[in-house]
Structures are given as C-alpha cells and as structure tokens.
Chemist: 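Attaching a single structure in structure tokens format; questions to follow.
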Amino acid sequence: MSKVFRNNYFLVGATLLSLAIGLTLQYLGSEFSGQVAFGVGASIGLYLSSWLLIRAIKNREMGSDVLALISILATMLTGEWLAASVVSVMLASGRALETWAEGRAQNQLKALLDRAPRVAHVIRADSEIIGIGINEVQVGDRLLVRSGEVVPIDGTLVNAGTFDESALTGEPLPVYRAAQEAVQSGVLNSGGQVELITTATSANSTYSNLIRLVQQAQANTANGVRVANRWAVAFVPFAIGLSLLTWVITGELSTAVAVIVAATPCPLILAVPVAVISGMSRAASLGAIIKGGAALEQLARAKTVLLDKTGTLTQGGPEISTIRFAEGTDGDLVLNLAASLDQSSPHVVARALVTEAKRRGLSLSHATEVSEVHGHGLSGTVQGHQVTVGQPTIELPEWASLQNALLVAVTVDGKLSAIIGLDDPLRDESKTTVQNLRKLGVDRVILVSGDRQTTATDVGQAVGADEAYGACSPEQKLVILRSEMSNSKGAVIAVGDGINDAPALAAAHVGVAMGARGATAASEAADVVIVEDSIRHLALAIDAAQGARKRALQAAGVGMGLAVVAMFAAAFGLINATGSAVSQEAIDVAAIMWALVPPKKRV
C-alpha cells in the first residue's frame with residue numbers, strides 16, 4: 001500500500017471531500033456527477049478495506065475487516081453510491097480515530113524514548129570536560145551530570161544529589177541520593193550538578209535496556225489482541241447470516257445490504273487495541289513494561305503468583321542487622337579496622353561491612369599483608385593491628401550470641417572484638433504487595449526459593465504466602481510452576497530477578513522480571529519487566545492490566561450490542577444502508593472514547 005494511502009488522516013479528508021462534493025452536486029440537480037463523486041470515495045474505501053483484509057490474512061488473523069469489504073462491494077453493486085461513500089468515510093475516520101487514540105495512549109512510552117540521553121560529559125584526568133556519545137563511555141569513567149540533565153549511564157555518585165526518578169518508577173517526589181550510592185541511568189538530576197563513576201556501558205545500562213523493552217513491547221502490541229479475534233470469529237458469521245436471512249425473508253437485496261453495513265467495521269477492530277495500548281501506557285507510567293497485548297491479557301487473568309525470595313521479596317543482599325562489641329573496646333575503631341580489611345574483598349558480606357562503615361562516616365585505611373583464611377575469611381594488618389574478619393571458628397561467648405542468618409566475627413590482635421549479624425532483609429513493601437494481590441483476585445501466592453527451607457518458611461509466613469518451597473533448583477521451580485499451571489483456573493505468574501529464574505519466567509503464562517538493569521536473562525525471558533527494583537509495582541501492573549481488559553471488554557461489548565440493535569433495525573426496514581453507516585460511525589466513536597477512559601485504581 002502506498003505511503004499516501006497509509007496516512008489515515010489523508011484518507012478521511014479524501015472520503016469526506018468526495019462525499020461533500022457528491023451531496024453538493026446532487027443538491028444542485030446534477031445526479032450523475034454526484035454519483036461519480038460518491039464513486040470516487042467508495043473506491044478509496046474499497047482499496048482501504050481490501051488492503052486491511054489482505055493484511056489480516058497474511059497475519060493469519062480472523063477479524064471483522066471482511067465486513068467492511070463486503071458492505072462496500074454490496075452497496076456499489078446495488079447502485080447505492082451514497083451509502084458506499086458514507087461507509088468509506090466511516091472506515092477511514094475509524095482508522096484515523098484509532099491512530100489518534102493510539103498516539104494519545106502511547107504518550108508515556110514515546111516520552112520514555114524521546115528523553116533518552118545521547119551525550120555524556122566525561123571528566124578527563126586533566127579536569128577537562130568533553131562531550132562524547134554515550135556509546136563511547138567506558139566502565140570507570142568519571143561523568144559530570146548538570147542540573148536538569150538525564151543521567152546517561154548507571155554509576156556510583158561521587159557527591160550527593162537529588163533526582164527525579166518518576167520516568168522509571170512513577171514516583172512524583174524527588175529522591176535524595178548520598179555519595180557512594182548507586183544511581184540509575186534515565187533519572188533526571190533535579191538538584192545541583194553531580195559527578196559519578198560509571199558502573200556500566202550504554203549497552204547494558206538501565207535506561208538503554210528499558211528502551212529496548214519498550215520497543216519490543218510496541219512491536220508486539222498488535223499481535224496480542226486475542227479477545228477481539230475470538231469475538232470476531234463468532235460475530236462475522238452472525239452478521240453475514242443475519243444479512244442472508246433478511247434477504248431470503250424480505251427478498252430485498254438493499255435491506256440485506258443495510259444489515260451488513262450496520263455491522264461494519266465493528267468496535268472490535270478499533271476499541272480493543274486502543275484499550276490495550278492505553279493499559280500498557282498506564283503500566284509504563286507506574287514502572288512496569290508489558291511486552292504486548294497477549295501479556296497484558298494474561299496478566300489481567302492472574303490467579304496464582306509464584307514469587308522468588310532473594311531479590312524479589314527480600315533486598316537480595318546481606319545487610320548488617322546487629323553489631324555487638326566486646327566490653328571495653330572502641331566500637332568505631334573495631335569497625336574501621338574490619339571494613340578497612342574488607343576493602344580488599346569483592347564478597348557481598350565484605351561490601352556490607354564497608355557500606356556500614358562509610359554510613360557511619362568512618363575514614364578507612366589501607367590494609368597490608370592481606371591473605372584469605374580458607375573457610376573463614378580475611379586476615380591482614382591495618383594501622384599496626386592484626387585483624388581477621390570471617391565466620392566464627394570458636395564457641396562464642398554469651399555477649400556475642402546472635403540469631404541472625406549470618407554471623408561474622410572480628411578479631412583484633414588475636415582477641416574477639418566484635419560479632420556482626422547479617423540478614424537478607426524483607427522489603428518493606430512485600431507484605432503489602434501480597435495483600436494487594438489478594439484484593440486483585442489472586443487466589444494463591446507461593447514462595448519458591450533456593451534458600452534453605454526454614455528461611456523460606458519464615459519469609460513465606462511473614463508476607464502471608466499460601467505455601468513456601470525452599471532449596472529449589474531451577475528445575476524444581478519449573479516442576480512447581482507446571483503443577484500450578486495445570487490446576488489454576490486463571491493465569492499463573494512467575495516473578496524473579498536472576499538467571500536461575502529465567503526458565504520459570506519463560507514457561508509461565510506471564511513471567512515478571514524484577515528490575516531492568518542490563519540485558520539480563522530474567523528481563524529477556526520475561527513478559528513484564530518491573531523497572532524499579534521494587535515488588536510493589538507488580539500489583540500496580542496487574543491492576544492496570546485488569547483495568548485495560550475491562551475497558552476493552554466493555555467498549556467492545558457495548559459497541560457490538562449497539563451494532564446488533566442497528567442490524568435488526570435495518571432488517572426490519574427502519575433504516576437504510578446510509579442510515580446504517582451513520583449509526584455505525586457513532587457507535588465506533590463512542591466505543592473508542594470509552595476505551596480511552598482510565599479505569600479507577602484499586603491498589
């Protein structure tokens with residue numbers, strides 16, 4: 001189809017012009033010239049409807065586009081040129097309305113793409129600041145982000161700053177980030193200029209991956225409107241059958257044509273896609289990227305949710321919960337010595353100690369003679385003291401008795417000076433999210449974790465899960481998932497954040513990946529990606545999907561119901577083909593407008 005004829009607004013103008021000219025000529029008494037003008041408009045509609053039908057056949061879709069072609073052909077063959085011209089206007093204006101509505105619904109997704117940074121300001125060793133393409137930025141580069149600029153690459157802040165993170169998380173309030181805190185690409189620097197050290201390249205930064213996900217979601221949107229296709233399978237034969245029955249009973253072909261016209265093009269092919277795209281846009285504004293209409297429809301039918309523990313319900317890394325120092329010791333000094341030694345280790349526990357020391361404002365020293373004690377931890381010399389940090393190897397005294405998931409002992413000059421308790425803390429929003437899932441109709445919430453069973457059980461009870469499975473391998477998670485899928489009356493959702501979760505995310509009715517950092521296996525396998533590393537967005541995404549599906553069903557149902565009324569009115573001779581076309585145009589406009597109305601939030 002030529003580029004001109006793909007312009008839906010041009011088609012509206014051309015068909016309206018031919019209709020107006022035809023009506024004017026007939027009013028002036030030139031019947032034949034008016035019919036010719038109507039014929040031009042009808043020809044445009046015939047071309048458009050033929051192209052739409054061919055496209056549907058190529059995509060192996062069964063839709064109600066065929067009714068548009070039949071109605072235009074029928075009105076042309078029976079010499080009802082005015083009706084044929086009105087049907088063409090209806091078809092073209094319906095497509096233009098859909099284009100306008102899709103554009104309105106996609107504003108959030110488009111804004112996400114339009115604001116993507118393309119240049120980064122790199123601070124060189126001689127303090128010179130130069131602008132380079134973000135594709136040239138390397139890990140470890142020092143960047144300057146001026147006030148009002150979008151952070152181009154993930155990094156660690158050199159100095160504190162305030163950021164507008166609403167584009168990623170939907171949160172309207174600015175967020176303060178301290179020095180040494182991680183900051184994601186795509187957030188807006190709403191304070192003074194800041195410097196950061198990059199921890200990613202443009203290819204695997206948060207925002208670049210988010211853009212890839214949005215583009216994938218846009219590409220898959222049209223393929224997922226399955227509810228419209230299912231209804232069309234029943235509606236098209238019904239419309240054709242009623243038209244033929246009318247012809248048989250009345251013996252009047254014009255009446256049968258009026259019935260077909262009243263059924264064309266049906267709000268199914270307009271309102272449903274608009275509602276789906278609107279729902280995807282709303283979900284994106286709430287921090288969740290839904291990769292297409294099929295995923296949205298399944299998400300709306302969620303009845304069972306499988307939640308990974310680590311990184312989903314919990315923070316995903318050890319945090320210091322308790323520190324107890326031996327009597328008579330200087331707590332800050334002991335922690336300073338331990339953190340100074342742990343700077344030499346990449347272990348997550350070591351990072352937790354270093355983070356805690358920096359949080360307390362301690363200035364760390366350089367450790368020498370650092371060595372690893374197998375099965376225990378690190379040892380070395382710090383500020384003239386012999387320091388070891390690692391798992392306890394002796395029976396702990398009463399003052400050091402803690403019940404944390406992980407214990408770390410610190411000895412200074414051979415004396416146990418501190419015991420540190422660490423846990424993988426539960427996210428603040430985890431319990432509330434499970435409660436919100438119940439409000440949205442989820443019947444079963446199941447915790448699946450690779451952690452030991454006792455820990456899984458404790459976390460499951462804390463958040464209100466129905467069942468908790470511990471010590472699960474990726475294969476065992478798949479077994480649990482498939483069992484739930486065979487028994488669930490609705491869709492089964494799997495939520496995770498790691499490589500080990502990817503098989504379950506791919507196999508579930510809907511896979512939901514936590515966080516969009518980098519091109520991870522989880523986000524690639526998932527149907528939905530939670531942009532911010534926060535489980536609360538899961539309930540928001542399901543709420544948005546359910547609202548969109550409800551709007552689609554309402555718009556299509558009411559529109560089809562009104563179309564059926566118009567069809568019977570035509571069958572009984574109450575309206576002719578032209579009246580049927582005009583009524584169907586009004587029905588289409590009403591259905592699309594209703595599809596765009598945002599549903600009420602429930603969580």
Chemist: Judged by atom type as modelled, is there a donor-acceptor pair below 3.5 Å linking the side chain of Thr255 to the main-chain atoms of Gly573?
Modeler: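 Flag not set: sc Thr255 to bb Gly573 has no pair under 3.5 Å.
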Chemist: Look at the side chain of Thr24 and the backbone N and O of Ala20, then say whether any donor-acceptor pair between them is shorter than 3.5 Å.
Modeler: yes
Chemist: Using the side chain to side chain contact (heavy atoms under 4.5 Å, CB included) rule, take Leu505 and Val495 through it: C-alpha gap first, then chi angles, then the decisive distance, then the call.
Modeler: CA-CA 7 Å; Leu505 300 189; Val495 187; 5.6 Å; no
Chemist: Between Ser243 and Ala256 (side chain of the first, backbone of the second, donor and acceptor by atom type, cut-off under 3.5 Å), is there such a pair?
Modeler: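 Checking the backbone N and O of Ala256 against the side chain of Ser243, a donor-acceptor pair under 3.5 Å is found.
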Chemist: So, Trp247 versus Glu252: side-chain donor-acceptor pair below 3.5 Å or not?
Modeler: no
Chemist: Can a donor-acceptor pair be found, under 3.5 Å and without considering hydrogens, that links the side chain of Ser18 to the backbone of Thr15?
Modeler: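 Yes; judged by distance alone, with no hydrogens or angles, the pair exists.
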Chemist: With heavy-atom distances below 4.5 Å as the criterion, would you say the side chains of Ser254 and Asn576 are in contact?
Modeler: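 No. Closest side-chain heavy atoms not under 4.5 Å.
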Chemist: Under the side chain to side chain contact (heavy atoms under 4.5 Å, CB included) criterion, do Lys303 and Val442 qualify, and how do the steps go?
Modeler: CA-CA 4 Å; Lys303 287 297 181 184; Val442 174; over 6 Å; no
Chemist: Any side-chain donor-acceptor pair under 3.5 Å between Gln546 and Arg549?
Modeler: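 There is no such pair (donor and acceptor under 3.5 Å, judged by atom type) between the side chains of Gln546 and Arg549.
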Chemist: Do Glu429 and Ser534 meet the criterion of a side-chain donor-acceptor pair at a distance under 3.5 Å?
Modeler: yes
Chemist: Do Ile535 and Met514 pass the side chain to side chain contact (heavy atoms under 4.5 Å, CB included) test, and can you show the C-alpha distance, the side-chain angles, and the key distance before you say yes or no?
Modeler: CA-CA 7 Å; Ile535 187 63; Met514 292 289 297; 4.0 Å; yes
Chemist: What residues form a side-chain hydrogen bond (donor to acceptor under 3.5 Å, both in side chains) with Asp466, not counting sequence neighbours?
Modeler: Arg438
Chemist: When rounded to the nearest 0.5 angstrom, what distance separates CD1 in Ile240 from CG in Leu244?
Modeler: 7.5 Å
Chemist: Report yes if the side chains of Leu23 and Phe38 come closer than 4.5 Å at any heavy-atom pair, otherwise no.
Modeler: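 Leu23 vs Phe38: side chains touch.
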Chemist: Knowing that exactly one of Val512, Leu447, Val492, Ile493 qualifies, which makes a side-chain contact (heavy atoms from CB on, under 4.5 Å) with Leu306?
Modeler: Val492
Chemist: Please evaluate residues Phe238 and Val564 with respect to the criterion side chain to side chain contact (heavy atoms under 4.5 Å, CB included), reporting the C-alpha separation (whole Å), side-chain torsions for both, the decisive distance (0.1 Å), and the verdict.
Modeler: CA-CA 10 Å; Phe238 168 75; Val564 170; 4.0 Å; yes
